[in-house]
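Note: hydrogens, waters and symmetry copies are ignored here, and every other heavy atom, side chains too, is used. Chain letters run A, B, ... following the sequence lines, proteins first and then strands; every chain starts at 1.
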2 protein chains.
Amino acid sequence: MRRIWFATSNPGKLAEAKAFLAGWEVLEAPGEVEEDQPDLAGNAIKKARAAAAGGKVFAEDSGLEVDALGGAPGVHSRRYAASDGARVARLLSELAGVPGREARFRAVVALKVGEDLHLFAGSVEGTIATEPRGEGGFGYDPIFIPGEGDGRTFAEMSREEKSALSHRGRALAALAAYLNETAEP
Amino acid sequence: MRRIWFATSNPGKLAEAKAFLAGWEVLEAPGEVEEDQPDLAGNAIKKARAAAAGGKVFAEDSGLEVDALGGAPGVHSRRYAASDGARVARLLSELAGVPGREARFRAVVALKVGEDLHLFAGSVEGTIATEPRGEGGFGYDPIFIPGEGDGRTFAEMSREEKSALSHRGRALAALAAYLNETAEP
């Protein structure tokens with residue numbers, strides 16, 4: 001359902017807005033501000049702006065860098081082929097007969113809070129397996145063996161095991177630490 | 001609970017982020033963008049910005065204008081006294097012995113979509129009752145008799161009856177029409 005936020009702490013106004021906005025999920029936006037503007041429009045704008053500035057959004061991008069391929073597929077990891085299976089097959093094919101299989105996963109998380117942007121990076125070193133192993137994860141997980149692991153691919157690990165080692169887990173841990181330090185309860 | 005939005009359509013990534021962000025409500029932010037930037041950070045920033053720009057927030061301010069009081073309490077309607085009861089009592093006291101009791105409620109809704117602001121106004125003409133009547137609504141509702149009604153105060157009406165006549169109902173109806181015309185499904 002389409003979502004919209006209403007900067008109010010008045011349950012009556014929230015219920016009224018929900019009745020008008022059928023087909024929308026109307027959520028209460030936190031953040032009270034002083035209504036000190038000279039007119040109604042000024043106060044309404046001030047409240048809407050404050051609520052929007054309090055909204056936190058993050059996004060993530062990640063890629064696999066294979067040293068023997070000059071860092072490919074890298075930022076093009078998703079566009080490398082049309083499906084996870086085809087991506088894995090293409091990478092294994094390009095590495096056939098190549099001696100070194102060193103690689104790393106990198107992730108960057110971008111957090112937007114109002115006008116501010118914060119970046120959190122994470123990476124994990126490893127090697128590319130000679131054939132896919134495991135059913136977990138997604139993407140290149142069946143052929144990535146993290147160097148700090150026990151020889152299993154990411155796809156052979158539970159979500160918790162992978163998260164503890166992975167590029168994205170590290171970037172998300174940095175995001176969580178930042179959020180928990182800076183956000184009001 | 002504190003909320004944060006994750007611009008992803010990957011259920012595995014969403015579950016992973018939830019595990020890291022204990023104590024936060026992690027919501028999926030809609031809006032896919034092309035990941036065409038030269039590096040991971042560029043793609044992550046692009047996705048976070050697009051998701052933030054798609055976030056819709058609105059706020060409302062309303063006030064009661066009494067003609068015989070030069071438009072007071074107006075934008076100061078909430079600050080007129082410390083509680084709903086005290087506000088009503090003060091207004092009735094100021095109008096004691098004054099001949100005209102014409103008044104209007106005004107509401108302004110401010111909608112923020114990314115950097116854009118849109119305003120929607122609504123008003124309703126009426127008169128101030130000589131004593132409070134009814135238990136519904138809030139604020140000055142027990143002493144406001146809308147001119148288009150049947151003599152009952154807003155506080156004597158059901159929420160649906162009041163919404164059909166009220167300043168805020170009219171502003172919300174304009175907001176709803178705009179949203180339903182402009183938003184993608």
Problem set entry | Residue A:L119 versus chain B: region with a heavy atom under 4.5 Å | side chain

Problem set entry | Neighbour count >12 (heavy atoms, 6.0 Å) for atom CZ, A:R49 | no

Exercise. In terms of heavy-atom proximity below 4.5 Å to chain A, should B:S62 be classed as side chain, backbone, both, or neither?
Worked result: both

Problem set entry | Single-linkage hydrophobic cluster, 4.5 Å side-chain cutoff, A:F144 and A:L95 together | yes

Problem set entry | Inter-residue atom distance B:L40.CG - A:S77.OG, 0.5 Å rounding | 7.5 Å

Seminar exercise, completed: Across all chains, not counting sequence neighbours, the side chain to side chain contact (heavy atoms under 4.5 Å, CB included) partners of B:R133 are B:A129, B:I145, B:T153, B:E156

For this session: Go through the atoms of A:A17 and report whether side chain, backbone, both or neither lie under 4.5 Å from a heavy atom of chain B.
Result: both

For this session: Treating Ile, Leu, Val, Met, Phe, Trp and Tyr as nodes and any side-chain heavy-atom pair under 4.5 angstrom as an edge, say whether A:I45 and B:V75 lie in one connected cluster.
Result: yes

For this session: Give a yes or no on this: more than 12 heavy atoms of other residues, nucleotides or ligands lie within 6.0 Å of atom CZ of B:R78.
Result: no

Problem set entry | Contact class of B:Q37 relative to chain A, heavy atoms under 4.5 angstrom | backbone

Exercise. Between B:T8 and chain A, which part of the residue has a heavy atom less than 4.5 Å away: side chain, backbone, both or neither?
Worked result: neither

Exercise. Contact part of B:E34 toward chain A, heavy-atom cut-off under 4.5 Å: side chain, backbone, both or neither?
Worked result: neither

Problem set entry | Contacting moiety of B:L172, where chain A heavy atoms sit under 4.5 Å | both

For this session: Please flag which part of B:R106 lies under 4.5 Å from any non-hydrogen atom of chain A: side chain, backbone, both or neither.
Result: both

Seminar exercise, completed: Okay, A:R79 and chain B: the region with an atom under 4.5 Å from a heavy atom over there is side chain

Problem set entry | Portion of B:I4 that has a non-hydrogen atom of chain A nearer than 4.5 angstrom | both

Exercise. Checking heavy atoms, do the side chain of B:F138, its backbone, both or neither come under 4.5 Å from chain A?
Worked result: side chain

Exercise. Does NZ or CZ of A:K13 fall inside the cone over B:F58's six-membered ring, less than 6.0 Å from its centre and within 45° of the axis?
Worked result: no

